[in-house]
Amino acid sequence: MDGRNGRGVGELDVRSLRYLQAVARDRSFTTAAASLQMSQPALSQAVARLESLVGGRLVVRDARGVAREGSALTPAGQALLADAGRITELLDRALVRARRVAASGERERLTVGIGTSTPRWVSTRLVADAQESPGLDVVLRHVRWGQEVADLVDGTVDVVFLQVPAGAGADPRVRAVDVARVRRVAVFASGHRLAREPSLSIADLDDEPIVDAGSDREVWLVDPRPSGAAPRAVGPAARTVEEMLAVVATGRAMAITSEAVAAAHRSDDLAYVELRDLEPLRLLLAGLADDERPSVAALLESF
């Protein structure tokens, strides 16, 4: 059947799409074949079959196999690649979910992503509510800074807590509900000259070195500052709360964090000070926009 007029579509399989993704990524049949753990001739034949199904060239070839200048794909190849990413992503996520259900037996399991900045009352409420829901288990899983949406997309978590500035929207790939407002606070080494202030303005911090953030720098560095000053970021960028607080405790730099971190990480060598003129962040509970499971909808609606 001729794939150009819509017939023969059933011959398209996810393995062929992954082959095309590998060739586009590596720009070489030889390199792509090695990454796929198959022979180069087998990969070339598989792509040729896919081109036959489409009815036109997908890969730009030179004497060495794939063009080195410009795109490795023809316009038709680029069009197929754009959809291939969504298709393989959806299939990967479906497999992760199915394995999770199989492992949990008859009970459905939802994995909820929480971060160090997620208020403790939120996770406590989730676990308590799940105990009242027959047939449903809620599992909490820690997600790293900046990885919240990525973990949601790849199926590592089913829903996840996000913190965004008051005027910002959520990622377009997710649907989210507002859960709470979260205040930001300054944290200093206990001997710092500002450590005993009852509250501070963000302008009071313009000359203070601040620990660089591994993600969401506009939130945790307050960049740009209302005064127009550039934050004096000190590297390397902290990837975790523990890394950030370790630098702060040395006195090398201060940091801005959430009130949830302040509540969970009190110690004699640290001092947390209210920032009176920073608008609170929005705490969101988010699931994927295309996730139609009733359990996910019910969890979002419960907030």
Under the side chain to side chain contact (heavy atoms under 4.5 Å, CB included) rule, what do Arg266 and Tyr272 come out as? Steps first, then yes or no, please.
CA-CA 8 Å; Arg266 300 241 175 235; Tyr272 297 91; 3.5 Å; yes

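- Inter-residue side-chain proximity for Glu148 and Leu284 is flagged as unmet; no heavy-atom pair is nearer than 4.5 Å.
- Under 4.0 Å is where a charged nitrogen must lie from a carboxylate oxygen, and between Asp13 and Arg15 no such pair does.
- The shortest side-chain heavy-atom distance between Val182 and Ser117 does not fall under the 4.5 Å cut-off.
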After noting the C-alpha distance and the side-chain angles of Val296 and Leu110, does the key distance pass the side chain to side chain contact (heavy atoms under 4.5 Å, CB included) rule?
CA-CA 8 Å; Val296 170; Leu110 289 182; 4.0 Å; yes

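- A donor-acceptor contact closer than 3.5 angstrom is absent between the side chains of Thr74 and Arg57.
- The shortest heavy-atom contact between Ser44 and Gln40 is OG-NE2, 2.6 Å.
- Side-chain contact annotation: Asp26 with Ser28, donor-acceptor N/O pair under 3.5 Å absent.
- In this structure, Arg181 places its CZ atom where more than 12 heavy-atom neighbours from other residues, nucleotides or ligands lie under 6.0 Å away.
- Closest approach of Val177 to Leu300, counting heavy atoms only: CG2-O, 3.4 Å.
- Considering only heavy atoms from C-beta on, His265 comes within 4.5 Å of Glu242 through its side chain.
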Run the salt bridge (Lys or Arg N to Asp or Glu O under 4.0 Å) check on Asp158 and Arg293 step by step: do they pass?
CA-CA 10 Å; Asp158 297 299; Arg293 287 177 292 170; 2.9 Å; yes

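- Contact detail for Ile210 and Arg225: the closest heavy-atom pair is CD1-NH2, 4.0 Å.
- Counting only heavy atoms from C-beta outward, the side chains of Asp151 and Val160 never approach each other to under 4.5 Å.
- Using modelled atom types, one side-chain atom of Arg276 and one backbone atom of Ser199 make a donor-acceptor pair closer than 3.5 Å.
- One hydrophobic cluster, built from ILVMFWY side chains closer than 4.5 Å, holds both Leu58 and Leu81.
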Derivation and outcome, side chain to side chain contact (heavy atoms under 4.5 Å, CB included), residues Val219 and Leu281:
CA-CA 9 Å; Val219 172; Leu281 303 175; 3.7 Å; yes

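- Considering only heavy atoms from C-beta on, Ile256 comes within 4.5 Å of Ile202 through its side chain.
- With sequence neighbours left out, the side chain to side chain contact (heavy atoms under 4.5 Å, CB included) criterion links Pro209 to Arg232, Val234, Ala253.
- Side chains of Glu197 and Asp204 form no contact here, defined as non-hydrogen atoms less than 4.5 Å apart.
- Taking the ring axis of Phe29 as reference, the NZ or CZ atom of Arg61 does not stay both within 45° of it and closer than 6.0 Å to the ring centre.
- Counting heavy-atom neighbours within 6.0 Å of Asp83 CG, excluding the residue itself, gives a total above 12.
- Rounded to the nearest 0.5 angstrom, Gln78 CD and Leu73 CG are separated by 6.0 Å.
- Atoms OG and CG, from Ser190 and Leu270 in turn, are 7.5 Å apart once rounded to the nearest 0.5 Å.
- Remark: side-chain polar atoms of Ser16 are not paired, donor with acceptor, to backbone N or O of Leu12 under 3.5 angstrom.
- Linking Ile, Leu, Val, Met, Phe, Trp and Tyr whenever their side-chain heavy atoms come within less than 4.5 Å puts Val261 and Val247 in one cluster.
- The hydrophobic cluster containing Leu205 also contains Leu221, counting ILVMFWY residues as joined when their side-chain heavy atoms lie under 4.5 angstrom apart, directly or transitively.
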When you look at Val112 and Leu299, which way does the side chain to side chain contact (heavy atoms under 4.5 Å, CB included) test go after all the steps?
CA-CA 10 Å; Val112 179; Leu299 189 60; 4.1 Å; yes

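- Note on Leu80 and Val23: same hydrophobic cluster, where clusters join Ile, Leu, Val, Met, Phe, Trp and Tyr whose side-chain heavy atoms are under 4.5 Å apart, directly or indirectly.
- Closest approach of Val159 to Gly287, counting heavy atoms only: CG1-CA, 4.2 Å.
- Scanning for side-chain hydrogen bond (donor to acceptor under 3.5 Å, both in side chains) contacts around Asp212 gives Arg217, with sequence neighbours left out.
- Annotation: the span from Arg144 atom CZ to Thr240 atom OG1 amounts to 8.0 Å, rounded to 0.5 Å.
- Ring geometry for Phe161 against Phe303 counts as perpendicular: the plane angle is over 60°, on a 0 to 90° scale with 30° as the lower cut.
- Formation of a donor-acceptor pair under 3.5 Å by the Arg184 side chain with backbone atoms of Glu279 is found in this model.
- Taking the side chain as every heavy atom from C-beta outward, Thr31 and Arg25 never approach each other to under 4.5 Å.
- Annotation: the span from Trp121 atom CH2 to Leu126 atom CG amounts to 9.0 Å, rounded to 0.5 Å.
- Atom-to-atom distance recorded for Arg141:CZ and Ile114:CD1 is 11.5 Å, nearest 0.5 angstrom.
- In terms of heavy atoms, Thr156 sits closest to Thr111 at O-CG2, 3.7 Å.
- At least one side-chain heavy atom of Arg193 sits less than 4.5 Å from a side-chain heavy atom of Glu208.
- For the pair Arg196 (side chain) and Ala271 (backbone), a donor-acceptor distance under 3.5 Å is absent.
- Not one N or O on the side chain of Arg183 forms a donor-acceptor pair closer than 3.5 Å with the backbone of Leu278.
- The local environment of CD in Glu292 is sparse, with at most 12 non-hydrogen atoms from other residues, nucleotides or ligands closer than 6.0 Å.
- Side-chain heavy atoms closer than 4.5 Å link hydrophobic residues (I, L, V, M, F, W, Y) into clusters, and following such links, possibly through other members, connects Val248 to Val241.
- With values rounded to the nearest 0.5 angstrom, Asp216 atom CG is found 9.5 Å from Trp145 atom CH2.
- Across Ala32 and Ser35, no two heavy atoms sit closer than the pair O-OG, 2.7 Å.
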